[in-house]
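Quick notes on the structure that follows.
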Amino acid sequence: MIKGIDHIVIAVHDLDKAIQTYTDLGFTIAAGGKHPTGSYNALIGFQDGAYVEVLAFYEESPNHPWWDLLHQRGGGLIDYCMQTDDMRSDYQKLKDAGVEMSDIVDLSRVRPDGYKLEWINNKAYGKYQGVIPFVIEDKTPRDERVPKEKDHANGVTGIDTMTFGVPDIELPKRIMSAALGMDGTPVSYPELNASGIQFKVGTHTLEYLAPDGDSGLMYEYVTGNNPIPYSVTFKTNGEKQEFAPAQTE
């Protein structure tokens, strides 16, 4: 069963610079380690169990599914992962719904202290990438994969809502209803000239929005060369803040 957001992925060109950027924004960010696929990361953990993966590449990796999203579309918030306690069952639900995706694969990351983390997951491709989550199940204890430090100077305690901009709401509505076993709730945002559907998954919310016509902020986003995730909203016990894309590169 899918239990909630495991982590979100932010792709950057310079990991050291990004670590300083997110530190300046009030986050506690820790080195994550290297993947054998050419990428490495730093992590921001939250009290709700989810985390942010800030990812860059330590070597040329043009076959990596996130390489073009960074180098051709600018990077930023590019993808998200859902935690499951039954990977194969949830994978089959996505496959039966027609999602184009990889096989389930064994992956790993070596932390700076030498500990090797192992898990299984998949990747969504094509029009599904960034709209439909990839899912993950740990082979080593999940607590070892998630950052230990979860307190932040800016007061952020967890992920509240991920919002996705899509040209047509029917595709994510059909697939996510099947994957989650629930009907979504209709939502509307006149300020974005957009409407769509919302799913509550554990403590998190997934929100899919499509433009209502050929104008407005969501129309501009969807028709631009942007990654599919539009925004993420965090829970906080501090002051309300807004982080613009230029602040989070």
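The basis for the numbers below is simple: all heavy atoms, side chains too, and nothing from hydrogens, waters or symmetry mates. Keep in mind it's a predicted model, so treat the numbers as computed, not measured.
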**OP:** Answer with yes or no whether the hydrophobic clustering places L217 together with V232; edges join I, L, V, M, F, W, Y residues whose side-chain heavy atoms lie under 4.5 Å apart.
**Re:** no
Original post:
With distance as the sole criterion, is a donor-acceptor pair present between the side chains of D24 and Q20 under 3.5 Å?
Top reply: yes
Original post:
Applying the 4.5 Å side-chain criterion to the ILVMFWY set and letting contacts propagate, would V12 and L25 be lumped into a single cluster?
Top reply: yes
Subject >> R174, CZ: over 12 other non-hydrogen atoms inside 6.0 angstrom >> reply: yes
Subject >> Smallest separation among heavy atoms of P133 and M176, with atom names >> reply: CD-SD, 3.7 Å
Original post:
What's the verdict on side chain to side chain contact (heavy atoms under 4.5 Å, CB included) for I2 and L180, showing C-alpha distance, side-chain angles and the deciding distance?
Top reply: CA-CA 7 Å; I2 291 176; L180 299 173; 3.9 Å; yes
**OP:** For residues T236 and N154, determine if any side-chain heavy atom of one lies less than 4.5 Å from a side-chain heavy atom of the other.
**Re:** no
Would you list the atom pairs, donor with acceptor, under 3.5 Å between side chains in residues 42-49 and any protein atom, with sequence neighbours excluded?
from	atom 1	to	atom 2	distance (Å)
Q47	NE2	D151	OD1	3.1
D48	OD1	A50	N	3.0
D48	OD2	I159	N	3.0
D48	OD2	H204	NE2	2.8

Original post:
So, R111 side chain and E144 main chain: donor-acceptor pair closer than 3.5 Å or not?
Top reply: yes
Subject >> Hydrophobic cluster membership, I175 vs I5, 4.5 Å side-chain cutoff >> reply: yes
**OP:** Compare all side-chain heavy atoms of H71 with those of H13 and state whether any distance is below 4.5 angstrom.
**Re:** yes
Original post:
Can any side-chain N or O of S61 pair as donor or acceptor with the backbone N or O of T37 at less than 3.5 Å?
Top reply: yes
**OP:** Please report the shortest heavy-atom distance between S231 and L77, naming the atom on each side.
**Re:** C-CD2, 3.8 Å
**OP:** First locate atom CG of N122, then atom CZ of F134, and finally report the distance between them rounded to the nearest 0.5 Å.
**Re:** 8.0 Å
Subject >> Single-linkage hydrophobic cluster, 4.5 Å side-chain cutoff, W119 and V146 together >> reply: no
**OP:** Rounded to the nearest 0.5 Å, what's the gap from OG1 on T157 to CG on N237? Could you check?
**Re:** 6.0 Å
Original post:
Would you say the side chain of I104 lies within less than 4.5 Å of the side chain of R88, judging by non-hydrogen atoms?
Top reply: yes
**OP:** For H152 and T28, indicate whether the former's side chain and the latter's backbone hold a donor-acceptor pair under 3.5 Å.
**Re:** yes
Subject >> Within-4.5 Å side-chain heavy-atom neighbours: T163 and E207 >> reply: yes
**OP:** With the side chain counted from C-beta on, respond yes when L192 and Y221 share a heavy-atom pair under 4.5 Å apart, and no when they do not.
**Re:** no
Original post:
If you measure from OG on S102 to NZ on K123, what distance do you get to the nearest 0.5 Å?
Top reply: 7.0 Å
Subject >> Sidechain-backbone polar pair: D14 side chain, D16 backbone, donor-acceptor under 3.5 Å >> reply: yes
Subject >> Non-hydrogen atoms of I136 and N121 that approach each other most closely >> reply: CA-CB, 3.9 Å
Original post:
Donor-acceptor pair, S188 side chain versus S195 backbone, under 3.5 Å?
Top reply: no
Original post:
So do M82 and V135 actually touch side chain to side chain, heavy atoms under 4.5 Å?
Top reply: yes
Original post:
Looking only at heavy atoms, which two atoms of A31 and P112 are closest? And how far apart?
Top reply: CB-CG, 3.9 Å
Original post:
Just wondering, do V52 and F234 contact through their side chains at under 4.5 Å, heavy atoms?
Top reply: yes
Original post:
Is it the case that more than 12 heavy atoms not belonging to E59 sit under 6.0 Å from its CD atom?
Top reply: yes
Original post:
Is it true that D96 and K93 have a side-chain N and a carboxylate O under 4.0 angstrom from each other?
Top reply: no
Original post:
Only one of F164, Y230, Y51 forms a ring pair (Phe, Tyr, Trp, His ring centres under 6.0 Å) with Y80, so which one is it?
Top reply: F164
Subject >> From D214 atom CG to T223 atom OG1, the distance as rounded to the nearest 0.5 Å >> reply: 9.0 Å
**OP:** Taking all heavy atoms of Y208 and all of V131, pick out the closest pair and write down the distance.
**Re:** OH-O, 3.0 Å
Original post:
Quick one: side-chain hydrogen bond (donor to acceptor under 3.5 Å, both in side chains) pairs with a partner in residues 124-143, sequence neighbours left out?
Top reply: D6-R142, D79-Q129, D106-K139, D138-R145
**OP:** May I ask you to check whether T233 and D160 show a side-chain donor-acceptor distance below 3.5 Å?
**Re:** no
Original post:
Got a second to check how far W66's CH2 is from E53's CD, nearest 0.5 Å?
Top reply: 5.0 Å
**OP:** Decide whether Y189 and L206 are clustered together by the hydrophobic rule: side chain heavy atoms of Ile, Leu, Val, Met, Phe, Trp, Tyr closer than 4.5 Å, transitively.
**Re:** no
**OP:** Answer yes or no: are there more than 12 heavy-atom neighbours, outside D183 itself, under 6.0 Å from its atom CG?
**Re:** no
Original post:
Step by step, would you call L171 with V166 a side chain to side chain contact (heavy atoms under 4.5 Å, CB included)?
Top reply: CA-CA 9 Å; L171 183 141; V166 295; over 6 Å; no
**OP:** Give the minimum heavy-atom separation between P36 and S108, together with the two atoms involved.
**Re:** CD-O, 3.3 Å
**OP:** Mind running side chain to side chain contact (heavy atoms under 4.5 Å, CB included) on I19 and L15 for me, showing each step along the way?
**Re:** CA-CA 6 Å; I19 289 172; L15 187 60; 4.2 Å; yes
Original post:
Taking the side chain from R73 and the backbone from N226, do they hold a donor-acceptor pair closer than 3.5 Å?
Top reply: yes
Original post:
How many angstroms lie between atom CD of Q198 and atom OG1 of T161, to the nearest 0.5 angstrom?
Top reply: 6.0 Å
**OP:** Determine, step by step, whether M1 and D86 satisfy the side chain to side chain contact (heavy atoms under 4.5 Å, CB included) criterion, reporting the C-alpha distance in whole Å, the side-chain angles of both residues, the deciding distance to 0.1 Å, and the verdict.
**Re:** CA-CA 6 Å; M1 182 178 73; D86 191 348; 5.9 Å; no
Original post:
Can you name the ring pair (Phe, Tyr, Trp, His ring centres under 6.0 Å) partners of Y91, sequence neighbours left out?
Top reply: none
**OP:** Please confirm whether the backbone N or O of H35 pairs with a side-chain atom of Y58, one donor and one acceptor, at under 3.5 Å?
**Re:** yes
**OP:** Decide if atom CD of E239 counts as having more than 12 heavy atoms of other residues, nucleotides or ligands within a radius under 6.0 Å.
**Re:** no
Original post:
With distance as the sole test, does N193 use its side chain to make a donor-acceptor pair with the main-chain N or O of D212 at under 3.5 Å?
Top reply: yes
